[in-house]
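One structure below.
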2 protein chains.
Amino acid sequence: MSSENPKRAIFEQFAAVARTLGSAPRLELLELLAQIDRSVEELAGLSGLTIANSSQHLQQLRRAGLVEARRDGKRVIYGLADRDIIALLGALRRITERNVGAVETVLKRYFRERDSLEAVSRKELIRRMRAGLVTVIDTRPAEEFAAGHLPGALNLPLRQLKRRLRQLPPEQEIVAYCRGAYCVLSYEAVAELRKRGFKAFRLEDGYPEWRAAGLPVERSATA
Amino acid sequence: MSSENPKRAIFEQFAAVARTLGSAPRLELLELLAQIDRSVEELAGLSGLTIANSSQHLQQLRRAGLVEARRDGKRVIYGLADRDIIALLGALRRITERNVGAVETVLKRYFRERDSLEAVSRKELIRRMRAGLVTVIDTRPAEEFAAGHLPGALNLPLRQLKRRLRQLPPEQEIVAYCRGAYCVLSYEAVAELRKRGFKAFRLEDGYPEWRAAGLPVERSATA
DNA sequence: CAAACATTCAATTAGTTTCTTGAATGAGAA
DNA sequence: TTCTCATTCAAGAAACTAATTGAATGTTTG
């Protein structure tokens, strides 16, 4: 680690960033932040970490230049430092998927029915949206929905799904999305809808990727 | 790390891959492999690691699905498992550069003259190549050059540079490239050429990125 | 100013990772 | 078979990282 070798010193910089990504809790925090900026307390709650622990992970992410913090009254709000970080996470996901069969295995084990894994690509979804063939539902909490969502999407958080089945067209195809490829909400929604006889699919990735691709989004009050 | 939480289990898979990237020696090995497949001994020599240590790092890279090994007689030859890994390393580099000023600082400190850092993009290089405005030199060792290089490039490894200055057109602009953005060879070549009065620039990135972008390459005997 | 609150800091403990050394494989050559 | 050589394995010491706890900081509110 001595800086006598400049090449090694540069690799050490890259390694430090990669090392920061090399922790499940920190990746989870990044995924939460890919959605919307949030306070420490919120992040701790959503990730299941203690507040102190979250704070420490967040500071590491900040030291690596991956997130930024700003103060808002009593709270400190964190957010991604750079939209490109979503691309980096995507690349990491792709490589991991391709190379480590275990990821798929874990998914399969959890979601028993292989069927519910069928995913629609963004491109395909856009085509079907244009043709008016599809109802798009956003399974994230109302707060995240309000901050931005796919055009024409219906906000249907998981907890409300059963109560609001009537609002869904029984004939039309339904595509559900959520925070990203491995956000469980949309998987669960699809499984539930299929059980009730709906033609439901999952969007291959989620809202952050949609927005990062420069596709149109809507902002609005909660549905 | 119990797998009771499937979401966490998935993030743990991603984290394991990222953690494998989080080590300067391993990133250096990957950079060497981005060029051409190589034996353990060769990698150890080029990276300055002991053989046993290289072997262990390589096995970690293999476990993470980043490299693959095949046997060739007495030796084991390693290579990148997947061309996309170059993209991942590129994304990591971009984020690190943008967010950690230290990288540039280290570079600056080493290459004193800020001037020699001026880089030409791939796109710009292609334009100038088409117009016949530029001499392209490849500063990598002959072996790597033979395995693939930019069309029309002249192989001029650093050690031969001084001896072969005559072969270079004194008027025309020269663009040097090597193994990637942080390969020191092309920096040194540019510094040397400028000292001698040539109009020399560095290609922003290197051969692996060129090839990964699907641009044409030549294979040939050593120049 | 003092109380309440969100976040951060500091110190400890437990668990990983790194590099080194020397011995063990396993393939090819004699 | 036996020798040689490239690579891998195994074990141990040193350095680093994560999570926990309780105290400290700094902001808003009364």
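As the structure is a prediction and not an experimental result, all values here were calculated from the model. Here is how names work: the chains are called A, B, and so on, in the same order as the sequence lines, proteins then strands, and each is numbered from 1.
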Spacing between [X] atom [atom1] and [N] atom [atom2], to the nearest angstrom:
{"X": "A:R70", "N": "C:dT7", "atom1": "CZ", "atom2": "P", "result": "12 Å"}
{"X": "A:I77", "N": "C:dT8", "atom1": "CD1", "atom2": "C1'", "result": "15 Å"}
{"X": "A:R63", "N": "D:dA18", "atom1": "CZ", "atom2": "P", "result": "10 Å"}
{"X": "A:L61", "N": "C:dT8", "atom1": "CG", "atom2": "P", "result": "12 Å"}
{"X": "A:L27", "N": "D:dA18", "atom1": "CG", "atom2": "P", "result": "12 Å"}
{"X": "A:D72", "N": "D:dG26", "atom1": "CG", "atom2": "C1'", "result": "15 Å"}
{"X": "A:L58", "N": "C:dC9", "atom1": "CG", "atom2": "P", "result": "12 Å"}
{"X": "B:N53", "N": "D:dA15", "atom1": "CG", "atom2": "P", "result": "16 Å"}

Protein-nucleic acid N or O pairs under 3.5 Å, nucleotides 10-17 of chain C:
unit_1 : atom_1 : unit_2 : atom_2 : d
C:dA10 : N6     : A:Q56  : OE1    : 3.2

Original post:
Taking 4.0 angstrom as the limit, do B:E41 and B:K74 come out as a salt bridge?
Top reply: no

For [X], all residues meeting side chain to side chain donor-acceptor pair (under 3.5 Å), sequence neighbours excluded:
{"X": "B:Q167", "value": "B:R164"}
{"X": "A:R211", "value": "none"}
{"X": "B:S39", "value": "none"}
{"X": "A:D205", "value": "A:R122"}

Original post:
Of A:G73 and A:S23, whose nearest nucleotide on DNA chain D comes first from the 5' end?
Top reply: A:S23

What N/O pairs connect the protein and nucleotides 3-6 of chain D at under 3.5 Å? Give each pair on its own line.
none

Can you find a side chain N or O atom of [X] that sits less than 4.0 Å from OP1 or OP2 on [N]?
{"X": "B:H57", "N": "C:dC19", "value": "yes"}
{"X": "A:S55", "N": "C:dT7", "value": "no"}
{"X": "B:Y78", "N": "D:dT8", "value": "yes"}

Please tabulate, for the side chains in residues 50-60 of chain B, all donor-acceptor contacts under 3.5 angstrom to protein atoms that are two or more places apart in sequence or on a different chain.
unit_1 : atom_1 : unit_2 : atom_2 : d
B:T50  : OG1    : B:N53  : N      : 3.1
B:N53  : OD1    : B:H57  : NE2    : 3.4
B:S54  : OG     : B:T50  : O      : 3.0
B:S55  : OG     : B:Q59  : OE1    : 3.1
B:H57  : ND1    : B:R26  : NH1    : 3.1
B:Q60  : OE1    : B:R26  : NH1    : 3.4

**OP:** Please give the angle, rounded to 10 degrees, between the axes at the start and the end of the helix from C:dC1-D:dG30 to C:dA30-D:dT1, where five pairs define each axis.
**Re:** 30°

[X]: partners by salt bridge (charged side-chain N to carboxylate O under 4.0 Å, His left out), with sequence neighbours left out:
{"X": "A:R70", "answer": "A:D37"}
{"X": "B:R75", "answer": "none"}
{"X": "B:R71", "answer": "none"}
{"X": "A:E42", "answer": "A:R38"}

Subject >> Test item: side-chain donor near acceptor, A:D138 and A:Y207, under 3.5 Å >> reply: no

Subject >> Plane angle bin for A:F11 and A:F14 - parallel if under 30°, tilted between 30 and 60°, otherwise perpendicular >> reply: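 Ring orientation, 0 to 90° scale: perpendicular.
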
**OP:** Please work out if A:T50 contacts a base, only the sugar-phosphate, or nothing of the nucleic acid, heavy-atom cut-off 4.0 Å.
**Re:** sugar-phosphate

